[in-house]
Amino acid sequence: MSYFIRPGKKPGSGFKQSAVTWRIVWTTIQTLVGIALMGALVAGALMYFGLPWTWVTLFLGLWVGLPIAGWYYSADLVKRLTRATLPNPYNPDHARLIRIVNKLFPKT
(Lines give C-alpha, C1' and ligand atoms only; values in the text may rest on other atoms or scores of the structure.)
Protein backbone atom coordinates (compact mmCIF):
# COMPACT_ATOMS: atom_id res chain seq x y z
CA MET A 1 0.00 0.00 0.00
CA SER A 2 1.49 3.34 -1.00
CA TYR A 3 1.89 6.21 1.45
CA PHE A 4 0.29 8.75 -0.83
CA ILE A 5 -2.51 8.68 -3.34
CA ARG A 6 -1.63 8.99 -7.00
CA PRO A 7 -3.98 9.89 -9.81
CA GLY A 8 -5.11 7.11 -12.10
CA LYS A 9 -2.93 5.95 -15.00
CA LYS A 10 -5.42 6.97 -17.67
CA PRO A 11 -5.55 10.67 -18.55
CA GLY A 12 -8.55 12.32 -16.98
CA SER A 13 -9.22 9.45 -14.55
CA GLY A 14 -8.51 11.64 -11.49
CA PHE A 15 -8.44 10.43 -7.91
CA LYS A 16 -10.42 7.46 -6.71
CA GLN A 17 -12.76 8.61 -3.95
CA SER A 18 -12.84 5.15 -2.39
CA ALA A 19 -9.03 5.17 -2.06
CA VAL A 20 -9.11 8.59 -0.43
CA THR A 21 -11.83 7.54 2.00
CA TRP A 22 -10.00 4.31 2.87
CA ARG A 23 -6.75 6.22 3.50
CA ILE A 24 -8.50 8.64 5.86
CA VAL A 25 -10.21 5.80 7.75
CA TRP A 26 -6.99 3.75 7.99
CA THR A 27 -4.98 6.74 9.22
CA THR A 28 -7.62 7.51 11.85
CA ILE A 29 -7.58 3.89 13.04
CA GLN A 30 -3.79 3.91 13.27
CA THR A 31 -3.87 7.16 15.25
CA LEU A 32 -6.43 5.86 17.74
CA VAL A 33 -4.56 2.56 18.20
CA GLY A 34 -1.33 4.48 18.76
CA ILE A 35 -2.91 6.74 21.37
CA ALA A 36 -4.44 3.73 23.15
CA LEU A 37 -1.11 1.89 23.11
CA MET A 38 0.73 4.90 24.53
CA GLY A 39 -1.91 5.26 27.23
CA ALA A 40 -1.59 1.58 28.15
CA LEU A 41 2.20 1.82 28.30
CA VAL A 42 2.08 4.93 30.49
CA ALA A 43 -0.56 3.37 32.77
CA GLY A 44 1.54 0.22 33.09
CA ALA A 45 4.66 2.23 33.89
CA LEU A 46 2.89 4.32 36.51
CA MET A 47 1.39 1.24 38.13
CA TYR A 48 4.79 -0.49 38.01
CA PHE A 49 6.27 2.37 40.03
CA GLY A 50 3.57 1.92 42.65
CA LEU A 51 1.09 4.72 41.97
CA PRO A 52 -2.47 3.91 43.05
CA TRP A 53 -5.01 3.19 40.33
CA THR A 54 -6.88 6.44 41.09
CA TRP A 55 -3.75 8.54 40.42
CA VAL A 56 -3.09 6.61 37.21
CA THR A 57 -6.67 7.23 36.06
CA LEU A 58 -6.40 10.95 36.87
CA PHE A 59 -3.09 11.22 35.02
CA LEU A 60 -4.44 9.43 31.95
CA GLY A 61 -7.55 11.63 32.00
CA LEU A 62 -5.31 14.70 31.86
CA TRP A 63 -3.13 12.97 29.23
CA VAL A 64 -6.16 12.67 26.95
CA GLY A 65 -8.15 15.73 28.03
CA LEU A 66 -5.55 18.48 27.77
CA PRO A 67 -4.70 17.94 24.08
CA ILE A 68 -8.41 17.85 23.21
CA ALA A 69 -9.02 21.09 25.11
CA GLY A 70 -5.94 22.64 23.49
CA TRP A 71 -7.19 21.69 20.04
CA TYR A 72 -10.69 23.02 20.80
CA TYR A 73 -9.47 26.42 22.03
CA SER A 74 -6.54 26.81 19.62
CA ALA A 75 -8.38 29.08 17.17
CA ASP A 76 -9.38 31.53 19.91
CA LEU A 77 -5.84 31.50 21.29
CA VAL A 78 -4.32 32.26 17.88
CA LYS A 79 -6.80 35.10 17.33
CA ARG A 80 -5.87 36.62 20.68
CA LEU A 81 -2.13 36.20 20.15
CA THR A 82 -2.22 37.80 16.69
CA ARG A 83 -4.74 40.48 17.78
CA ALA A 84 -6.87 39.59 14.77
CA THR A 85 -9.93 41.75 14.06
CA LEU A 86 -12.71 41.57 11.51
CA PRO A 87 -12.05 43.53 8.31
CA ASN A 88 -13.58 46.99 8.06
CA PRO A 89 -15.11 47.44 4.57
CA TYR A 90 -14.77 51.25 4.88
CA ASN A 91 -10.98 51.02 5.30
CA PRO A 92 -9.40 51.09 1.79
CA ASP A 93 -6.73 48.49 2.66
CA HIS A 94 -9.29 46.13 4.14
CA ALA A 95 -11.65 46.68 1.20
CA ARG A 96 -8.84 45.82 -1.22
CA LEU A 97 -8.07 42.60 0.69
CA ILE A 98 -11.77 41.68 0.82
CA ARG A 99 -11.98 42.19 -2.95
CA ILE A 100 -8.89 39.98 -3.53
CA VAL A 101 -10.23 37.20 -1.30
CA ASN A 102 -13.66 37.31 -2.97
CA LYS A 103 -11.98 37.10 -6.37
CA LEU A 104 -9.73 34.17 -5.41
CA PHE A 105 -12.30 32.24 -3.36
CA PRO A 106 -15.72 33.17 -4.77
CA LYS A 107 -17.64 30.21 -3.28
CA THR A 108 -16.43 30.61 0.29
Side-chain angles (χ1 to χ4, degrees):
M1 183 178 283
S2 68
Y3 290 103
F4 53 90
I5 299 169
R6 298 182 186 131
K9 304 234 181 216
K10 299 176 190 172
S13 64
F15 291 106
K16 295 182 180 178
Q17 185 61 39
S18 61
V20 174
T21 303
W22 170 246
R23 175 57 65 187
I24 291 172
V25 168
W26 180 245
T27 304
T28 303
I29 290 170
Q30 286 179 321
T31 302
L32 293 176
V33 167
I35 291 171
L37 181 63
M38 286 298 297
L41 288 172
V42 169
L46 291 175
M47 291 179 66
Y48 178 76
F49 287 116
L51 260 67
W53 179 249
T54 54
W55 284 94
V56 172
T57 305
L58 176 67
F59 183 78
L60 288 178
L62 290 173
W63 181 284
V64 171
L66 286 177
I68 292 172
W71 167 78
Y72 184 77
Y73 292 110
S74 64
D76 295 332
L77 179 65
V78 168
K79 286 178 186 177
R80 278 192 236 129
L81 288 174
T82 59
R83 296 187 179 107
T85 58
L86 292 174
N88 181 1
Y90 300 111
N91 183 337
D93 289 332
H94 292 194
R96 181 178 63 84
L97 290 173
I98 291 170
R99 205 169 43 253
I100 290 171
V101 169
N102 287 338
K103 183 178 179 182
L104 292 175
F105 305 104
K107 293 183 179 181
T108 60

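Since we're looking at a predicted model, the values are computed, not measured.
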Separation between CE of Met38 and CD1 of Ile35, rounded to the nearest 0.5 Å:
10.0 Å
CG on Leu97 to CG on Asn88, rounded to 0.5 Å
12.0 Å
Please determine whether side-chain contact (heavy atoms from CB on, under 4.5 Å) holds for the pair Phe59 and Leu51, giving the CA-CA distance in whole Å, both sets of side-chain angles, and the decisive distance to 0.1 Å.
CA-CA 10 Å; Phe59 183 78; Leu51 260 67; over 6 Å; no
Please work out which of the three classes, parallel, tilted or perpendicular, describes the rings of Trp22 and Trp26, given edges at 30° and 60°.
parallel
Applying a strict under-4.5 Å side-chain criterion to I, L, V, M, F, W and Y, I'd like to know whether Val101 and Leu104 cluster together.
yes
Approximate separation, where rounding is to 0.5 Å, of Leu77 CG and Thr82 OG1
9.5 Å
Can you give me the closest heavy-atom contact between Leu60 and Ala43, atom names plus distance?
CD1-CB, 3.5 Å
To the nearest 0.5 Å, what is the distance between CD1 on Ile29 and CG on Leu32?
8.0 Å
CG-CD distance between Leu37 and Gln30, expressed to the nearest 0.5 angstrom
12.5 Å
Cluster check Val56, Tyr48: I/L/V/M/F/W/Y, side chain < 4.5 angstrom:
no
For Ala95 and Pro89, the nearest pair of non-hydrogen atoms, with its separation, is CB-O, 3.6 Å
Would the distance check show the side chain of His94 and the main-chain N or O of Pro87 forming a donor-acceptor pair, the cut-off being under 3.5 Å?
no
Are Trp53 and Phe49 connected in the hydrophobic side-chain network, where two residues link if heavy atoms are under 4.5 Å apart?
no
Give a yes or no on whether the backbone of Ser18 and the side-chain of Thr21 come within a donor-acceptor separation of less than 3.5 Å.
no
Indicate, with yes or no, if Leu62 and Trp55 share a hydrophobic cluster defined by side-chain heavy-atom contacts under 4.5 Å among Ile, Leu, Val, Met, Phe, Trp and Tyr.
no
